[in-house]
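Just below is one structure, and these are the notes that go with it.
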Amino acid sequence: MSQEVTLDCLGEACPIPLVKAQNKLKELASGDVIIVQIDHSCALKNLPEWARKDGHNVEIEEVDDGEWEIIIEKA
Amino acid sequence: MDIKNNKFYKKWFKSGWTYITGAILLSLFQIVTLAATGNPWGVSGVFANWGAWLYRAVGGSVDSWYYFANKGAQATLNAGILHHAGSMRNLGIIFGALLAALAASGFKIKKLKSKKQIVAAVLGGFLMGYGARIGFGCNIGALYSGICSLSVSGWVFAVFLFCGAVVGSKMLTKYFM
């Protein structure tokens, strides 16, 4: 069964959310989902950019003012 | 009208601009800055002046300090912050960034996550501030404006900035994550 992991990166600035997500994704299997919670607008750009380039499915959800969830499904 | 779903609102205010748009705008406005103030764009040198004005306000004197002892620096300090183009520009940057965040409804007051984060911020800020003054410029004044004015010093700065960034990144992932 595929699992879902939440990564709390609230209050973290670049490049920490990206590095944390990259490290976590390595531990997961294909089909697993990782939800990265961020409130740093640069991560809103570099996280989806990296994940899409790597071939994963990416969705962005605006949770609140200045708060987003980047949902990445490992390919 | 529902502004949130307006196509132009989404394009101009909500989603981030591309790096190319940013680069073109920065290039244009640094020319405007140079033409209007007579000096290339700089950011961190202004903070040294703010420090000097604060120190003067509490009765101190920086007049004999090497950095402030020359005529130009003295004239700037004596003219005051209201006549200092760089100060106005820095305030404009802060105000503009606030406006952009508000317009995208992306403004948020962030919590400090850990003591480590405070240590990293204070240490990083100190190193950047000290380095910028001892190197007579930060990544804007020395790197960006240096390269813009076709100065070799900007490229030399870039090489060592890169070396420092490599060391900094290693430290960041090792101690502060």
Side-chain angles (χ1 to χ4, degrees), chain A residues 3-29 32-74, chain B residues 2-6 9-23 93-94 96-125 127-128 139 162 164-177:
Chain A
Q3 54 169 335
E4 194 182 282
V5 187
T6 306
L7 207 58
D8 175 11
C9 289
L10 296 173
E12 309 262 38
C14 281
I16 293 178
L18 179 67
V19 179
K20 274 191 171 170
Q22 286 175 334
N23 287 343
K24 195 83 209 161
L25 204 78
K26 275 184 208 147
E27 300 168 13
L28 300 177
D32 289 352
V33 172
I34 179 170
I35 300 171
V36 194
Q37 300 170 317
I38 52 163
D39 57 6
H40 184 69
S41 60
C42 301
L44 182 64
K45 206 173 165 83
N46 66 21
L47 262 172
E49 222 173 70
W50 151 74
R52 285 190 180 123
K53 227 178 242 170
D54 233 30
H56 311 293
N57 255 334
V58 182
E59 256 177 65
I60 301 165
E61 207 159 304
E62 194 175 353
V63 186
D64 200 352
D65 281 2
E67 229 178 280
W68 303 271
E69 282 183 356
I70 313 289
I71 303 151
I72 305 168
E73 187 195 358
K74 187 165 179 175
Chain B
D2 187 7
I3 193 155
K4 272 193 170 157
N5 294 317
N6 182 284
Y9 170 74
K10 274 188 175 170
K11 195 171 172 191
W12 289 333
F13 295 106
K14 189 73 193 168
S15 42
W17 295 354
T18 62
Y19 291 130
I20 292 186
T21 312
I93 291 172
I94 296 168
L98 172 70
L99 216 63
L102 285 173
S105 51
F107 182 77
K108 188 195 165 196
I109 296 188
K110 290 167 197 169
K111 284 190 203 90
L112 282 166
K113 213 167 186 187
S114 61
K115 287 220 174 81
K116 254 186 178 180
Q117 214 175 26
I118 302 174
V119 175
V122 171
L123 195 70
L127 285 174
M128 282 197 293
N139 55 338
F162 183 79
V166 170
V167 175
S169 309
K170 296 270 184 223
M171 276 173 70
L172 182 79
T173 46
K174 196 160 180 205
Y175 300 111
F176 294 107
M177 264 184 63

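We name chains A, B, ... by the order of the sequence lines, and we start the count at 1 in each one.
- Contact tally against chain B (heavy-atom pairs below 4.5 Å) for A:Lys45, A:Lys20, A:Glu67: the top residue is A:Lys45.
- The number of heavy-atom neighbours closer than 6.0 Å to CZ of B:Phe176, taken from other residues, nucleotides and ligands shown, is above 12.
- Proximity to chain A (any heavy atom under 4.5 Å) is shown, for B:Ser105, by both the backbone and the side chain.
- If you take CD1 on B:Ile109 and CG on A:Asp65, they are separated by 12.0 Å, rounding to the nearest 0.5 Å.
- With a 6.0 Å radius and a threshold of 12 heavy atoms from other residues, nucleotides or ligands, A:Glu59 has its CD atom at or below the threshold.
- A 4.5 Å side-chain heavy-atom check between B:Lys108 and A:Asp64 finds every atom pair outside the cut-off.
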Checklist entry - Run the side chain to side chain contact (heavy atoms under 4.5 Å, CB included) check on A:Ile16 and B:Met177 step by step: do they pass? => result CA-CA 7 Å; A:Ile16 293 178; B:Met177 264 184 63; 3.9 Å; yes
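- In this structure, chain B has a heavy atom under 4.5 Å from the side chain of A:Glu62, while its backbone stays farther away.
- For chain A, the nearby part of B:Lys111 is the backbone; its heavy atoms alone come within less than 4.5 Å.
- In this structure, B:Leu172 and A:Pro15 have side chains that are in contact, with non-hydrogen atoms separated by less than 4.5 Å.
- Contact of A:Cys9 with chain B is made through the backbone alone, with heavy-atom distances under 4.5 Å.
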